Asker: 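The structure's right below; bear with me while I get my questions together.
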Amino acid sequence: MKLDKRVSEILERAFGGVSPGKEDCVYLLTFPQASPEAAAIRTAADTLLRRKSENSAIILGQIGVEVSGCEGNCRFCSFGKDHTHFKSSKMDDEELERQVHSFCDGGDLYGLYLLTMHDYDLEHLLHAVALSKRIAPPTTQIWVNVGDTEREAFVEMKKAGVTGVYHVCRIGEGMDTSLDPKQRVRTMHNALDAGLELYTCCEPIGPEHTPEQLVENMFIGIDMGITQHAAMRRVAVEGTPLAVHGQISDLRLAQIAAVVALASFNVKTMMYMGIHEPNLLGYISGANIITAESGVNPRDLHEETSQGRGMDLAACRRMLFECGFDYIRRGDESKIPLTFDYLRQTKSV
Ligand code: SF4
C-alpha cells in the first residue's frame with residue numbers, strides 16, 4: 001500500500017521528534033476519515049503517545065457542583081440560558097461527599113474535576129474544593145472547570161488545593177457563544193500566572209468546521225504550554241440551536257484527536273491527551289485520558305448524567321483495558337497494572 005508522500009514525510013518527522021506545524025496539520029485533516037492516510041495518522045499518534053506514557057492511561061472524574069441558566073448561552077450546550085430546561089441549583093455537602101467517595105474510593109482516579117457554569121459562586125466552589133480534598137486520597141488531584149476568572153481567584157483556588165484548570169477558547173467563540181474570545185484566552189493566561197496547570201481542548205467540533213478552523217483552535221493551547229490537550233465533538237443535544245448541523249462520527253473525531261496529539265506531544269509540559277466523549281477508536285488514535293461523569297453535564301439533558309450520556313468508573317476501566325493499555329496512572333504518576341484481574345477486583349466486569 002502506498003501512502004501520500006507528504007503524509008509519510010510528516011509522520012516520519014513526528015517519529016524523529018518533530019511535531020507537525022499548522023500547515024501540515026491542515027493537510028492531515030483534509031484526508032477522508034476512512035482513507036489509508038487517516039488510518040496511518042491515527043496509528044502514528046497512538047504509537048507515539050503510548051511510548052511517551054509507557055502505555056498508560058488516566059481516569060478523571062467530573063462532578064457538576066452548580067447549575068443555572070448560563071450567561072455563556074452557548075448554542076450547543078444544554079445550560080445556555082435562552083434554551084435550558086435546568087433549574088438553578090447548587091450541590092449540597094451530603095451529595096458532594098457521596099459523589100466524591102464514589103469516584104475516589106477505588107483509589108485509581110488521577111484527577112477530579114469540579115464543574116460550574118460561566119458565572120459561579122467562588123465561595124461555594126472553594127468549599128467544594130476543601131471538602132473534596134478532605135475525602136480524596138493524596139494520589140487524586142483536584143481540578144476545576146469554571147468560567148472566565150481573574151488571576152486572584154485562581155490563586156485562591158491554588159491555595160485551596162487545586163492543581164489545574166480546564167479552560168477553552170472554543171471554535172466559534174463569540175459567535176456561537178455570548179462570551180469574548182479574548183477574555184477566554186486571558187483566563188487561560190490567568191490560570192498559568194497563578195501557578196496552575198492548564199488543560200484545554202479543540203472543541204466543540206461540528207461537521208461544518210474546516211480543517212483551518214480546527215487547526216487555529218488547537219494551536220491556542222499548544223502555543224501556551226498546556227499540560228493536557230483533547231478533542232471533543234459537539235453532541236447534537238436536542239433543543240440546542242446548533243443540533244441542526246448534526247454530528248461528526250467517532251472515526252473523524254479520532255482522526256482529529258490524532259492530529260491534536262501529533263501537534264502537541266512535544267510540548268514540554270504536555271502529558272496526556274483526552275477525547276470527548278470517550279470511544280474505542282479514540283483510544284487507539286493517541287488519546288489516553290478517559291472521563292467518568294456525574295451530576296450535570298453540558299452534553300446531556302439528564303440532571304444526573306451517569307443515568308444518561310456519562311460513563312461510570314467501571315465502564316472507563318473496561319474501555320481502557322479493551323484498548324490495550326498496560327497501566328492506569330494515579331495523580332502522583334504511580335502505576336496500577338491494568339489486568340483482567342484488576343477489572344475483577346474493582347467489580348468492573
Ligand atoms: S458551555 Fe459552559 S459557558 Fe457555555 S453555556 Fe454551557 S456551561 Fe455556560
Side-chain angles (χ1 to χ4, degrees), residues 60-91 113-122 124-125 128 143-150 153-154 157 162 164-188 190-191 198-206 208-209 213 217 220-221 228 230-245 247-248 253 274-277 291 293-305 308-310:
L60 307 179
Q62 176 160 285
I63 303 176
V65 295
E66 191 179 332
V67 62
S68 61
C70 179
E71 290 297 319
N73 210 20
C74 304
R75 296 172 70 223
F76 45 83
C77 171
S78 55
F79 303 135
K81 67 173 180 172
D82 287 351
H83 51 264
T84 192
H85 77 284
F86 284 109
K87 295 200 179 69
S88 297
S89 66
K90 283 181 191 159
M91 190 174 279
Y113 270 123
L114 302 178
L115 166 87
T116 71
M117 303 291 99
H118 179 71
D119 292 323
Y120 62 98
D121 177 346
L122 178 62
H124 180 254
L125 178 70
W143 302 347
V144 293
N145 179 353
V146 295
D148 283 328
T149 297
E150 295 302 326
F154 280 140
M157 291 180 210
V162 170
V165 175
Y166 179 87
H167 208 71
V168 169
C169 180
R170 305 174 186 89
I171 307 167
E173 194 80 76
M175 287 178 299
D176 294 332
T177 74
S178 301
L179 304 174
D180 174 7
K182 290 202 186 83
Q183 185 57 47
R184 300 291 296 173
V185 173
R186 251 197 316 276
T187 293
M188 294 162 88
N190 290 343
L198 181 61
Y199 318 129
T200 198
C201 184
C202 178
E203 64 134 304
I205 303 163
E208 74 279 19
H209 294 135
Q213 284 174 298
N217 186 266
I220 295 171
Q228 287 174 19
M232 181 172 88
R233 74 175 170 185
R234 190 181 63 224
V235 174
V237 181
E238 201 185 316
T240 59
L242 294 188
V244 59
H245 291 293
Q247 286 183 192
I248 60 167
L253 178 62
I275 190 157
H276 310 291
E277 295 166 317
T291 307
E293 294 171 300
S294 66
V296 292
N297 166 0
R299 291 169 277 103
D300 202 346
L301 295 171
H302 285 80
E303 290 189 13
E304 178 41 68
T305 193
R309 302 190 71 89

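We count ligands from 1, going down the list as the structure has it; atoms in each ligand are counted the same way. No experiment lies behind these values; they were computed from the predicted model shown. All heavy atoms count here, side chains included; hydrogens, waters and symmetry mates do not.
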Asker: Considering the heavy atoms of Cys70, write down every atom of ligand 1 situated less than 4.0 Å from one of them.
Answerer: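 Counting from 1, the qualifying ligand atoms are 3 (S), 5 (S), 7 (S), 8 (Fe).
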Asker: Short list, please: which atoms of ligand 1 are under 4.0 Å from a heavy atom of Asn73?
Answerer: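 Near Asn73, the atoms of ligand 1 are 5 (S).
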Asker: Walk me through whether Leu179 and Arg170 qualify under side chain to side chain contact (heavy atoms under 4.5 Å, CB included).
Answerer: CA-CA 10 Å; Leu179 304 174; Arg170 305 174 186 89; 3.7 Å; yes
Asker: Return the set of residues passing salt bridge (Lys or Arg N to Asp or Glu O under 4.0 Å) with Lys81 (not counting sequence neighbours), or none when no residue passes.
Answerer: Glu71
Asker: Any heavy atom of Arg170 sitting closer than 4.0 Å to ligand 1?
Answerer: yes
Asker: Is the ring pair Tyr166/His276 parallel, tilted or perpendicular, if the boundaries are 30 and 60 degrees?
Answerer: perpendicular
Asker: Give the atom numbers and elements of ligand 1 that come within less than 4.0 Å of a heavy atom of Phe79.
Answerer: 7 (S)
Asker: Check the angle between the aromatic planes of Phe79 and Phe86 and answer parallel, tilted or perpendicular using the 30° and 60° thresholds.
Answerer: tilted
Asker: Please determine whether any non-hydrogen atom of Thr177 lies less than 4.0 Å from an atom of ligand 1.
Answerer: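 False for this residue.
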Asker: For Asp121, give me all partners under salt bridge (Lys or Arg N to Asp or Glu O under 4.0 Å), at least two apart in sequence or on another chain.
Answerer: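 Checked Asp121 against salt bridge (Lys or Arg N to Asp or Glu O under 4.0 Å); matches are Lys90.
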Asker: Heavy-atom contacts under 4.0 Å between Cys77 and ligand 1: side chain, backbone, both, or neither?
Answerer: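 Cys77 to ligand 1: side-chain contact only, backbone stays beyond 4.0 Å.
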Asker: Select the closest option to atom 4 (Fe) of ligand 1 among Pro204, Cys74, Gly72, judged by heavy-atom distance.
Answerer: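 The option holding the nearest heavy atom is Cys74.
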Asker: Looking only at non-hydrogen atoms, find the nearest pair between Lys87 and Val67 and report the distance.
Answerer: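 Between these two residues, the closest heavy atoms are O-CG1, 3.6 Å.
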